[in-house]
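First the structure, in the form of C-alpha cells, and then the observations on it.
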Amino acid sequence: MNAPTDATKLRLKNVTKSFFTPRTGSTTLAVAEMSLDIQTGEFICIVGPSGCGKSTVLNMIAGLDQPSSGQIDKDGQVITAPGADRGVMFQDYALMPWQTVVDNVGFGLRHGTPGEHLSAKQRQERVAHFIELVGLQGSENKYPHQLSGGMRQRVALARLLANGPDILLLDEPLGALDAQTRLILQAELLRIWGETSPVFERKTAIFITHDIEEAVLLADRVVVMSTHPGRVREVVTIDIPRPRAGHARTNPRFGVLVEHIWSLIRDEAYRAIGGGTSTKALS
Ligand SMILES: Nc1ncnc2c1ncn2[C@@H]1O[C@H](COP(=O)(O)OP(=O)(O)OP(=O)(O)O)[C@@H](O)[C@H]1O
Ligand SMILES: [Mg+2]
C-alpha cells in the first residue's frame, strides 16, 4: 500500500469487526481485513449482498462502533468517536415528527457543535440556504407527515449538510423511495455533492446501495463486497466522464460496468435471499 498522500481523507487499515452474541455464545465475523484508501472529494459506493458488512463499515467510519482490530484514520487521525465532521444519513429519514422542516434542518446547529460559533441570525441563514439547495423552499413550516418520502429525504439531506460535515456517510438513503423520485434525487445528489465543481470543493461521500445502476451513476469507485465474512471483493473504477446526471446511462460503458459488478455479486445475492445459484438464463 502506498504512503498516505495529502489527498487521503480516510484510510481503513486491516479493519476487522466481529460481534459476540451473549445469548447464543456465538461470534459473527462481520468484516474481515478490510483495507481501503479514500481520497478527498471522492464519491465511493459500497455494494454487496445483504449481510456482507456494509452498514458495519459505515458505522465504524461514523465512530458509532469500533473495529475489533485494525484502524480507521481520518486526515491521519484515528477515529475513536462520532463527530460533526462526519454526517450520517439512513434510509428511514430519522426526522423528528413534532418539528417543522426548518426546525429539523436546524437541529444540529441549535444543539450541537456545528452551530456553536454562529449567531441566531447566521443559523437561520444557513438553514434557509440548505433548504433552498435541496429545493424545499415554501415547505419550511410543514411537518414531516405533510411531506412525501422524497421531500422527507431532502429534509434529512439538508440537515446533514447544514452541520457542515466534510464526509457524508449515506446508508441506502434512497432505498425507500419510488423509482422516479429516486432518479430525481440521484441527480440532485450529484449536483449537491458538486459534480460540476472542482474536486477540492466536493465533499467525500460514502454511499451504500443495493442498486448497482445507482452505484455506477454516482460513484468514482464502487467497492464490491462479498459476504461471510465481509471482504472487499473488487474495487471497480467508474471511468464514465462527469457530469453524469442525465447522460451516463446512455454511455456504452454504463451497461458493461453494471454487468461486471452484478457478475461479482450475483451468486452470493441469490444465496442471501434463499435462492439457488444463479444460471445464465436467470441473470
Ligand atoms: N450489533 C450487532 N450484533 C451482532 N451481529 C451484528 C450486529 N450488527 C451487524 N451484525 C451482523 O454482521 C453482519 C453484517 O451486518 P451489516 O448490517 O453490516 O450488513 P449489511 O451489508 O449492511 O446488510 P444489508 O444489506 O442487509 O443492510 C451480519 O451478519 C449481521 O447479522
Ligand atoms: Mg445495511
Side-chain angles (χ1 to χ4, degrees), residues 10 12-36 38 43-72 79-82 86-94 149 152-153 156-157 160 167-177 179 182 185-186 189 205-219 221-236 258 261-275 278:
L10 277 172
L12 284 74
K13 283 191 278 197
N14 301 321
V15 172
T16 294
K17 178 68 185 178
S18 45
F19 291 106
F20 178 66
T21 311
R23 191 173 51 82
T24 58
S26 64
T27 300
T28 306
L29 183 55
V31 179
E33 297 287 326
M34 182 166 177
S35 293
L36 182 71
I38 297 174
F43 202 124
I44 296 285
C45 284
I46 306 181
V47 301
S50 190
C52 72
K54 302 180 294 296
S55 297
T56 302
V57 170
L58 207 78
N59 288 341
M60 289 190 285
I61 297 172
L64 298 167
D65 217 337
Q66 295 298 315
S68 308
S69 64
Q71 74 181 51
I72 305 179
I79 292 173
T80 55
R86 285 152 285 142
V88 191
M89 180 167 156
F90 300 103
Q91 182 174 346
D92 58 0
Y93 322 120
R152 283 183 217 167
Q153 221 35 340
L157 186 60
L160 180 79
I167 300 183
L168 308 178
L169 301 171
L170 308 151
D171 196 346
E172 300 190 49
L174 311 183
L177 304 176
R182 200 170 173 144
L185 279 191
Q186 287 166 355
L189 195 60
I206 304 173
F207 183 106
I208 295 176
T209 179
H210 277 104
D211 181 339
I212 298 172
E213 292 198 7
E214 181 168 270
V216 173
L217 177 75
L218 298 175
R221 289 187 293 157
V222 176
V223 176
V224 183
M225 290 182 69
S226 60
T227 194
H228 299 307
R231 288 183 191 277
V232 175
R233 172 117 193 232
E234 191 172 313
V235 180
V236 181
V258 168
I261 293 169
W262 177 227
S263 75
L264 293 172
I265 59 176
R266 179 164 43 209
D267 288 344
E268 284 189 337
Y270 271 85
R271 278 197 293 275
I273 60 164
S278 68

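As a basis for the values below, the full set of heavy atoms in this structure was taken, side chains included, without hydrogen atoms, waters or symmetry mates. Counting convention: from 1, in listed order, for ligands and their atoms alike. Index from 1, following the sequence.
Residue contacts with ligand 1 include H210, since one of its heavy atoms falls under 4.0 Å from the ligand. Remark: distances from the non-hydrogen atoms of C52 to ligand 1 include one below 4.0 Å.
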Kindly list each side-chain donor-acceptor pair under 3.5 angstrom involving residues 63-71, sequence neighbours excluded, with atom names and distances?
from	atom 1	to	atom 2	distance (Å)
D65	OD1	K17	NZ	3.1
Q66	NE2	T80	O	2.8
S68	OG	S18	N	2.9
Q71	NE2	D73	OD1	2.7
Q71	NE2	D73	OD2	3.3

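Of the heavy atoms in M225, none comes closer than 4.0 Å to ligand 1. Contact annotation for T56 and ligand 1: heavy atoms of both the backbone and the side chain come within less than 4.0 Å of the ligand.
By the 4.5 Å heavy-atom criterion applied to side chains, M89 and L168 are not counted as neighbours. Proximity of L36 to V232: side-chain heavy atoms (C-beta onward) are nowhere separated by under 4.5 Å. Within the 4.5 Å cutoff, side-chain heavy atoms of I212 are placed close to those of I265. Side-chain contact between M60 and L12 is absent, with no heavy atoms from C-beta onward closer than 4.5 Å.
The shortest N/O to N/O separation between S55 and ligand 1 falls below 3.5 Å. Inclusion of A30 in the set of residues having an N or O under 3.5 Å from an N or O of ligand 1 is not warranted. Between G53 and ligand 1, at least one N/O pair is under 3.5 Å apart. No N or O atom of T21 sits closer than 3.5 Å to an N or O atom of ligand 1.
Near E172, meaning under 4.0 Å from one of its heavy atoms, ligand 1 places the atoms 27 (O). Near T28, meaning under 4.0 Å from one of its heavy atoms, ligand 1 places the atoms 29 (O).
Distance check for atom 31 (O) of ligand 1: every protein heavy atom is found at 4.0 Å or beyond.
For atom 23 (O) of ligand 1, the closest non-hydrogen atom on the protein side is G51 N, 2.8 Å. For atom 25 (O) of ligand 1, the closest non-hydrogen atom of the protein is K54 NZ, 2.7 Å. From the protein, the heavy atom lying nearest to atom 6 (C) of ligand 1 is F19 CD1, 3.2 Å. Among protein heavy atoms, atom 26 (O) of ligand 1 sits closest to S50 OG, 2.5 Å.
At a cut-off of 3.5 Å, with distance as the only test, no side-chain donor of E268 or T227 sits close to an acceptor on the other residue.
With sequence neighbours excluded, the residues forming a side-chain hydrogen bond (donor to acceptor under 3.5 Å, both in side chains) with D171 are S55, listed by chain and number. Under the side-chain hydrogen bond (donor to acceptor under 3.5 Å, both in side chains) criterion, H210 pairs with E172, not counting sequence neighbours.
Between V57 and M225, the shortest heavy-atom distance links the atoms CG2-CE, 4.3 Å. The shortest heavy-atom contact between P173 and F207 is CG-CE1, 3.4 Å.
Between the side chain of T209 and the backbone N or O of D211, at least one donor-acceptor pair lies under 3.5 Å. In this structure, the side chain of R231 does not engage the main chain of S226 through any donor-acceptor pair within 3.5 Å. With E33 contributing its side chain and K13 its backbone, the two residues share no donor-acceptor pair below 3.5 Å.
Below the 2.8 Å limit, the Mg ion (ligand 2) has as protein N, O or S neighbours S55 OG.
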